[in-house]
Amino acid sequence: MPIVQVSILEGRDKEQIRQMIEGITQAVTASLQVKPDQVRVLVTELPPSYWGVGGVTKEQTRFL
């Protein structure tokens with residue numbers, strides 16, 4: 001049973017996340033030859049203050 005964990009910045013709507021889950025599921029079923037109901041996709045949304053790139057948070061880069 002493949003489990004895919006995805007961390008993204010919060011702010012996307014539910015339809016975008018649904019489409020992402022669907023696309024990931026299709027990719028996993030095609031590459032691993034498993035059934036869609038065997039695939040688990042876990043999405044974690046993080047606030048910009050918890051996401052760092054180059055030593056600064058994404059929250060900080062909004063103001064640069």
Side-chain angles (χ1 to χ4, degrees):
M1 173 185 334
I3 300 171
V4 179
Q5 295 180 304
V6 179
S7 296
I8 61 173
L9 285 171
E10 64 186 9
R12 292 169 176 87
D13 63 43
K14 289 182 181 184
E15 180 58 20
Q16 289 175 306
I17 294 173
R18 187 202 65 73
Q19 289 177 4
M20 180 184 65
I21 291 170
E22 182 180 341
I24 290 169
T25 300
Q26 290 173 356
V28 172
T29 59
S31 61
L32 299 181
Q33 290 79 46
V34 296
K35 297 176 184 175
D37 62 350
Q38 294 175 293
V39 179
R40 307 293 187 264
V41 180
L42 309 174
V43 179
T44 303
E45 291 185 289
L46 297 167
S49 60
Y50 287 15
W51 192 288
V53 177
V56 297
T57 68
K58 292 301 281 181
E59 182 177 57
Q60 291 171 297
T61 61
R62 288 182 183 178
F63 305 108
L64 296 179

Going by salt bridge (charged side-chain N to carboxylate O under 4.0 Å, His left out), name the pairs with one or both residues in residues 46-57, residues two or more places apart or in two chains.
none
Provide the full list of salt bridge (charged side-chain N to carboxylate O under 4.0 Å, His left out) pairs with a residue in residues 17-32, sequence neighbours left out, each pair given once.
E15-R18, R18-E22
Is a side-chain N or O of Q19 found less than 3.5 angstrom from the main chain of Q16, in a donor-acceptor match?
no
Are I21 and L32 grouped together when hydrophobic residues (ILVMFWY) are joined by side-chain heavy atoms under 4.5 angstrom apart?
yes
Please table the atom pairs, donor to acceptor, closer than 3.5 Å between any side-chain atom in residues 33-55 and protein atoms at least two apart or in another chain.
residue: Q33; atom: NE2; partner: A30; partner atom: O; Å: 2.8
residue: Q38; atom: OE1; partner: K35; partner atom: N; Å: 2.7
residue: R40; atom: NH1; partner: D37; partner atom: O; Å: 2.7

Without placing hydrogens or testing angles, list every side-chain donor-acceptor pair under 3.5 Å for residues 3-11, not counting sequence neighbours.
none

Under the rule for side chain to side chain donor-acceptor pair (under 3.5 Å), what residues qualify as partners of T29, not counting sequence neighbours?
none
